[in-house]
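We use all heavy atoms of the structure for the numbers below, so side chains are in, but hydrogens, waters and symmetry mates are not. Throughout, protein chains are lettered first and strands after them, A, B, ... in sequence-line order, and every chain is numbered starting at 1.
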Number of protein chains: 2
Amino acid sequence: MSSENLETREKIMRATWKLLEESGGSGVRMSDIAKAAGISRQAVYLHFPTRADLLTGTARYMDEVRNIDERLAASRKAKGTNRLDLWVEAWGNYIPEIHGVGRALIAMRDTDEAAAAAWNDRMQAVRHGCEAAVTALKSAGRLMPDYSVEQATDLLWALLSVEMWEKLRFECGWSQTAYVSAMQKMARDSLVS
Amino acid sequence: MSSENLETREKIMRATWKLLEESGGSGVRMSDIAKAAGISRQAVYLHFPTRADLLTGTARYMDEVRNIDERLAASRKAKGTNRLDLWVEAWGNYIPEIHGVGRALIAMRDTDEAAAAAWNDRMQAVRHGCEAAVTALKSAGRLMPDYSVEQATDLLWALLSVEMWEKLRFECGWSQTAYVSAMQKMARDSLVS
DNA sequence: TGTCAACTTTACACGGTGTCAAGCAAAGGA
DNA sequence: TCCTTTGCTTGACACCGTGTAAAGTTGACA
């Protein structure tokens with residue numbers, strides 16, 4: 001019953017995850033997801049009223065499975081410049097895992113208010129991570145004097161955006177490790193005095 | 001006849017431009033454009049077979065009207081670091097003018113091959129501008145030694161992307177002048193040794 | 001035996017893009 | 001003057017993907 005319910009719900013989210021990962025986040029229809037989950041299209045709507053609900057549910061589910069909090073914990077313990085490096089690395093290496101769902105949510109932003117809100121909410125969490133890293137820099141007296149904490153946070157957050165990652169990884173053909181080290185260097189060069 | 005033809009074509013592109021500018025690049029339908037141009041929806045399809053054609057046609061038209069080549073000429077004459085600053089400024093101040101159409105093309109990329117190709121083509125031109133600025137830096141012996149010309153070009157190009165501009169201007173609420181000077185500084189800090 | 005919950009099947013509304021075909025009005029040439 | 005061409009209009013319709021609605025099936029459990 002309720003366990004069956006949960007199992008189906010999970011099957012749907014796993015199918016969504018898998019398909020979006022394979023497709024790079026586009027061209028995945030509700031019917032494709034239903035088929036991949038081995039249920040009818042209507043059953044998907046029984047669990048997720050709209051596409052945006054399914055996407056945000058899946059995103060939440062992924063964070064849960066991948067245990068995002070724990071993975072970002074290491075960077076929280078470090079200080080100053082080191083903390084910046086660790087944060088960029090932790091988040092930078094998380095992007096590929098959420099990219100499919102992220103791409104789909106980003107694409108829906110223009111037309112769907114709920115999708116926009118969900119994605120903004122998640123990006124706000126990333127912003128907090130950026131802010132913490134910048135504040136640590138400031139505390140260590142190493143923040144580039146030209147920037148306020150807020151400005152530096154904005155810059156770091158924009159630098160670490162999924163869009164930037166997509167550009168460098170796919171359009172420029174960079175490897176994931178090249179991406180991470182370049183972002184670390186760029187963040188250091190731009191924000192550390 | 002032929003002049004009438006051209007006039008209508010231009011009316012359509014002007015209407016497209018205006019509506020996309022007003023809306024920020026989303027939620028503009030073919031029927032909206034037709035209405036704004038004062039003609040029937042079918043007449044639009046007589047001049048532009050698909051939405052992607054209309055968008056790319058309008059983008060080209062805008063470059064023509066705004067005389068993009070001339071505006072970027074100044075930066076081409078400068079040398080070394082100065083050239084980088086001028087390039088960032090010239091392109092950075094051009095973004096707001098093309099943003100509406102750009103946003104619409106970006107949104108279509110996921111589903112429409114032609115839109116993707118058109119936008120990539122235009123961004124390739126920007127990349128050339130970035131490459132020229134980086135090469136000038138290299139010639140002056142001021143390019144950050146860690147980067148090859150290609151890597152530095154990729155970074156600068158990603159930094160100057162429309163997506164980055166949108167994030168800082170709208171999501172972070174920066175002014176256009178704040179955006180330009182921050183990008184200049186960031187490009188200098190990251191790419192100049 | 002009966003009921004409830006989860007799921008299936010079928011059908012349909014809606015919005016946006018793109019197609020098709022018939023018609024109309026004005027310009028221009030014979 | 002008539003006829004053709006050109007540029008546009010009008011109206012209908014196909015297609016696709018999302019989301020809704022309703023009736024029917026199946027299995028668990030009391």
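- Between the OH atom of B/Tyr45 and the C1' atom of D/dC13 there is a distance of 14 Å, given to the nearest Å.
- Residue B/Thr50 is in sugar-phosphate contact alone, with no base atom involved, counting any heavy-atom pair closer than 4.0 Å across all strands shown.
- In this structure, of D/dG19, C/dT17, D/dA21, it is C/dT17 that holds the atom nearest to the side chain of B/Arg51.
- With salt bridges taken as basic N to acidic carboxylate O contacts below 4.0 Å, none links B/Lys35 and B/Asp32.
- Between the P atom of D/dG17 and the CG atom of A/Leu54 lies a distance of 16 Å, rounded to the nearest Å.
- Spacing between atom CD1 of B/Ile12 and atom P of D/dG7 amounts to 12 Å, rounded to whole angstrom units.
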Run the numbers on A/Val162 and A/Trp119 for side chain to side chain contact (heavy atoms under 4.5 Å, CB included), then give the verdict. CA-CA 11 Å; A/Val162 170; A/Trp119 183 248; 3.8 Å; yes

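- A salt bridge is absent between B/Glu163 and B/Lys167: the closest approach of a Lys/Arg side-chain nitrogen to an acidic carboxylate oxygen does not fall below 4.0 angstrom.
- Ion pairing of B/Glu97 with B/Arg71 is present here, as a side-chain N (NZ or NE/NH1/NH2) and a carboxylate O approach within less than 4.0 Å.
- One can place CD1 of B/Ile39 at 10 Å from C1' of D/dG7, the figure rounded to the nearest angstrom.
- Going from atom CG of B/Leu46 over to atom C1' of D/dT10 covers 13 Å, rounded to whole Å.
- Checked against C/dG18, C/dT9, D/dG17, the side chain of A/Arg29 finds its nearest nucleotide in D/dG17.
- In this entry the distance linking CZ of A/Arg9 with P of C/dA5 reads 18 Å, nearest Å.
- Look at A/His47 and you'll find a side-chain N or O under 4.0 angstrom from OP1 or OP2 of C/dC7.
- At whole-Å resolution of the value, CG in B/Asp32 and P in C/dG15 are 13 Å apart.
- Between A/Trp87 and A/Val126 the shortest heavy-atom distance is CZ2-O, 3.4 Å.
- In this structure, the CG atom of B/Leu55 is 13 Å from the C1' atom of C/dT17, given to the nearest Å.
- Nearest to the side chain of A/Ala43, among C/dG18, C/dC7, C/dA11, sits C/dC7.
- Comparing A/Arg41 and A/Val44, the nucleotide of DNA chain C nearest to each residue sits closer to the 5' end for A/Val44.
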